[in-house]
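Just so it is clear: chains get the letters A, B, ... in the order the sequence lines come, proteins before strands, and each one is counted from 1.
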Amino acid sequence: MASAPSTPKGTRDFNAADLAKRRYVVDLLRQAFELHGFGPLETPSFENLDTLMGKYGEEGDRLIFKILKSGNFLEAVAEGAAPKASQIADKALRYDLTVPFARYVAQNHGKLALPFKRYQIQPVWRADRPQKGRFREFYQCDADVVGSRSLYQEVELVDLYSYAFDRLDLPVEIRLNHRALLAALARRFGFGAALVDFTVAVDKLDKIGVEGVLKELREKGADESHVGALEDWLSVPRSTQESLQYLEHLVGDDPEGLQGLTEIRFVLDRVSRPDAVVLDLTLARGLNYYTGAIFEVRALGVALGSVGGGGRYDDLTSIFGVKGVSGIGISFGLDRIVLCLEELNAFPSTLQSAPQILALHPENAAAADALYAAVRAWRAAGISAEFYPDAAATKKQYAWAEQRGITWVVQRIEGDEVFIKNTLNGEVISCNKTDYEALNKLFN
RNA sequence: GUGGUUGUAGCUCAGUCGGUUAGAGCGCCGGAUUGUGGUUCCGGAGGUCGCGGGUUCGAGCCCCGUCUUCCACCCCA
């Protein structure tokens with residue numbers, strides 16, 4: 001073991017047990033998406049660099065994995081000069097699923113029946129520094145609809161969130177905000193020209209507290225005349241209803257603010273699970289293509305950042321030359337959802353990652369053949385069964401079963417009678433080898 | 001991208017001030033016992049101390065680089 005091999009930084013392998021959990025989540029999400037009228041789409045792992053660059057802000061651009069050109073690309077670089085990124089890379093791994101989707105819509109806009117709804121479950125890559133729950137390769141599960149400005153889309157996607165997390169048995173809080181409200185607040189507090197500075201600072205309220213936010217806002221040039229009002233806004237925790245009332249008098253006759261307020265009210269009045277939804281005026285979200293409602297989902301009882309996010313983007317396809325196609329979408333973070341469910345022990349105990357039953361290898365050759373035939377018959381009946389191939393020490397065979405997580409072990413066969421041991425409690429039962437009903441009963 | 005942290009047997013970890021042949025528990029392999037594993041006993045294998053340089057008479061230990069882990073920023077799922 002001079003040099004143990006490893007996966008690259010921020011990536012991992014998934015074994016059978018991992019995959020059983022991941023597939024459980026993915027299958028549930030896929031069902032939820034299709035139940036709500038979304039159809040599947042897959043796009044390539046990598047896109048042209050131009051497609052991705054400039055869509056995620058400066059910070060995002062830096063985290064895009066660029067793919068080195070093949071061939072002798074360095075010839076074009078002047079002697080002794082440092083090559084420019086565009087000279088050595090013209091493709092990049094996708095950074096999220098939304099921008100490739102916008103590219104797809106723009107590329108096919110004449111052929112798609114609008115409004116167009118699709119879901120997409122694929123990995124994305126970010127050249128980030130890994131931490132707990134942060135990887136450089138991770139899965140997003142997105143549902144988007146383009147070509148409809150209807151606020152019923154907002155309602156429907158919030159409902160999709162609550163439906164899916166309900167099915168997953170993961171308690172969450174769906175936080176809701178609106179870019180127009182943020183903009184109105186920023187104007188009210190003198191940050192009209194520095195919306196991003198304002199939202200970035202305010203978004204950290206949970207993390208650095210009122211003092212921290214005020215400090216950062218001062219550094220970004222907050223006018224002292226607004227600090228008192230800012231402090232009042234930030235230090236009082238408000239329910240959704242209280243936030244709405246507060247907004248009403250704060251926004252005044254700011255037309256954009258009033259518009260945002262009307263839209264948020266429309267959505268809040270119609271979501272199916274209002275108890276799981278909270279209006280959070282400090283929620284900002286970094287991706288700068290959002291223009292309307294924005295969402296973020298936090299798992300309750302787990303400190304792991306957000307497990308999902310999304311929002312409305314009015315202008316994304318216009319970057320690709322197709323104007324007037326408003327879109328809205330949400331994303332589920334598969335990897336974090338799995339981590340949360342693990343931490344909360346919320347996976348169903350019936351998840352299957354190993355054969356249901358293992359037949360120990362009998363010492364007697366005739367019995368071995370008989371038992372092997374039984375295993376074959378079980379497989380034909382849809383029972384995942386395994387036959388230990390060698391007449392190894394009993395101890396070794398049991399250890400193998402345990403390591404693979406196999407609960408039921410066939411000790412021996414006598415005529416048509418098999419003796420099955422539950423390795424968890426040592427109980428032995430016997431049953432007829434063709435009594436599939438009894439066998440299947442064991443596994444549930 | 002910034003600052004820090006981690007790496008010793010399959011696993012969890014000791015290893016003093018730089019000093020001889022690198023340690024434990026569990027696991028693994030073999031044998032005996034146990035009348036179909038899990039008990040007990042005996043024996044055994046397995047490590048160029050993440051990798052590459054350097055300092056030193058001598059490096060697991062000190063220095064530099066690199067990879068990896070985790071953490072705080074930044075940002076985000």
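- When each of A:Arg412 and A:Arg136 is assigned the nucleotide of RNA chain B with its nearest heavy atom, A:Arg412 is the one assigned upstream, toward the 5' end.
- Between the NZ atom of A:Lys395 and the P atom of B:rG37 there is a distance of 11 Å, rounded to whole Å.
- Ring planes of A:Phe33 and A:Phe38: perpendicular class, angle over 60° (limits at 30 and 60°).
- Near RNA chain B, defined here as any heavy-atom distance below 4.0 Å, the residues from residues 10-22 of chain A are A:Gly10, listed numerically.
- Distances shorter than 4.0 Å separate some side-chain N or O of A:Lys9 from OP1 or OP2 on B:rU68.
- Between B:rG43 and B:rG50, the two P atoms lie 32 Å apart (nearest whole Å).
- Applying the Watson-Crick and G-U wobble criteria (two distances, each under 3.5 Å), B:rC49 pairs with nothing in any strand.
- Set against B:rC70, B:rG37, B:rA77, the side chain of A:Lys132 has B:rC70 as its closest nucleotide.
- Using a 4.0 Å heavy-atom cutoff across all strands shown, A:Val409 reaches no nucleic acid atom at all.
- Within the 4.0 angstrom heavy-atom criterion, base atoms lie near A:Gln131.
- Rounded to whole Å, the C1' atom of B:rA22 lies 24 Å from the corresponding atom of B:rU69.
- A:Gly57 comes within 4.0 angstrom of nothing in the nucleic acid, heavy atoms only.
- Remark on RNA chain B: of its neighbouring residues A:Lys421 and A:Thr7, the 5'-side contact belongs to A:Lys421, judged by nearest-heavy-atom nucleotide.
- Between the C1' atoms of B:rG46 and B:rU5, the separation comes to 30 Å (whole Å).
- With respect to the salt-bridge test (charged N to carboxylate O, under 4.0 angstrom), the residues A:Asp128 and A:Arg134 qualify.
- Cation-pi check for A:Arg175 over A:Phe295 is not met; the charged atom does not lie both under 6.0 angstrom from the ring centroid and within 45 degrees of its normal.
- Contact annotation for A:Tyr139: no contact, since no heavy-atom pair falls under 4.0 Å across all strands.
- Judged by centroid separation below 5.5 Å and plane tilt below 30°, A:Phe332 does not stack onto the base of B:rA77.
- OP1 and OP2 of B:rU36 both lie 4.0 Å or more from every side-chain N or O belonging to A:Gln397.
- The same atom, P, is picked in B:rC63 and in B:rG19; the two are 15 Å apart, to the nearest Å.
- Rounded to a whole angstrom, the distance from the P atom of B:rC41 to that of B:rU33 is 16 Å.
- Candidate nucleotides B:rC75, B:rC74, B:rA77 were compared by shortest atom distance to the side chain of A:Leu63, and B:rC75 ranks first.
- Taking atom CD of residue A:Glu343 and atom P of nucleotide B:rA77, one finds them 20 Å apart after rounding to whole Å.
- For A:Arg134 and B:rC75, a side-chain-to-base donor-acceptor distance below 3.5 Å is present, hydrogens and geometry of angles not being considered.
- Scanning atom types as modelled, one donor and one acceptor separated by under 3.5 angstrom connect the side chain of A:Arg129 and the base of B:rU2.
- Distance, A:Asp128 CG to B:rC70 P: 13 Å, rounded to whole Å.
- Atom name P, nucleotides B:rG7 and B:rC71: the rounded distance is 16 Å, in whole Å.
- In this pair, A:Tyr313 and A:Tyr290 present their aromatic rings tilted. The plane angle is within the 30 to 60° band.
- Out of B:rA77, B:rU36, B:rG1, the shortest distance to the side chain of A:Arg62 is found at B:rG1.
- Across the protein-nucleic acid pair, A:Ile208 atom CD1 and B:rC75 atom P stand 10 Å apart, rounded to whole Å.
- Minimum atom distance to the side chain of A:Ser306 is reached by B:rA77, of the listed B:rA77, B:rG1, B:rC70.
- Taking the ring axis of A:Phe65 as reference, the NZ or CZ atom of A:Arg126 does not stay both within 45° of it and closer than 6.0 Å to the ring centre.
- Taking 4.0 Å as the cut-off between side-chain N and carboxylate O, A:Asp144 and A:Arg118 count as a salt-bridged pair.
- To the nearest angstrom, C1' of B:rU36 lies 17 Å from CD1 of A:Ile429.
- Counting non-hydrogen atoms under 4.0 angstrom, A:Lys207 reaches a base of the nucleic acid.
- Going from atom CG of A:Leu358 over to atom P of B:rU36 covers 18 Å, rounded to whole Å.
- Distance check on atom C1': B:rG47 versus B:rC28 gives 15 Å, rounded to whole Å.
- Checked against A:Asn177 for a side-chain contact (heavy atoms from CB on, under 4.5 Å), the options A:Leu185, A:Leu281, A:Asp280, A:Ile264 give a single hit: A:Leu281.
- Between A:Asp61 and A:Lys66 no salt bridge is recorded (no basic side-chain N to carboxylate O distance below 4.0 Å).
- Straight-line distance from the CD1 atom of A:Ile330 to the P atom of B:rA77: 13 Å, rounded to whole Å.
- Of the charged side-chain nitrogens involved, none lies within less than 4.0 Å of a carboxylate oxygen, so that A:Asp223 and A:Arg218 do not count as a salt-bridged pair.
- In this structure, A:Lys204 reaches the B:rC74 phosphate: one of its side-chain N or O atoms is under 4.0 Å from OP1 or OP2.
- Side-chain proximity of A:Gln411 to the nucleotides B:rU36, B:rG38, B:rC76 is greatest for B:rU36.
- Nucleotide B:rG23: paired with B:rC13 (Watson-Crick or G-U wobble, both distances less than 3.5 Å).
- Within 6.0 Å of atom CD in A:Glu34, more than 12 heavy atoms from other residues, nucleotides or ligands are found, so the atom counts as buried in its surroundings.
- With C1' as the reference atom, B:rC49 and B:rG15 are 10 Å apart, rounded to whole Å.
- The distance between atom CG of A:Leu283 and atom P of B:rA77, rounded to the nearest whole Å, is 11 Å.
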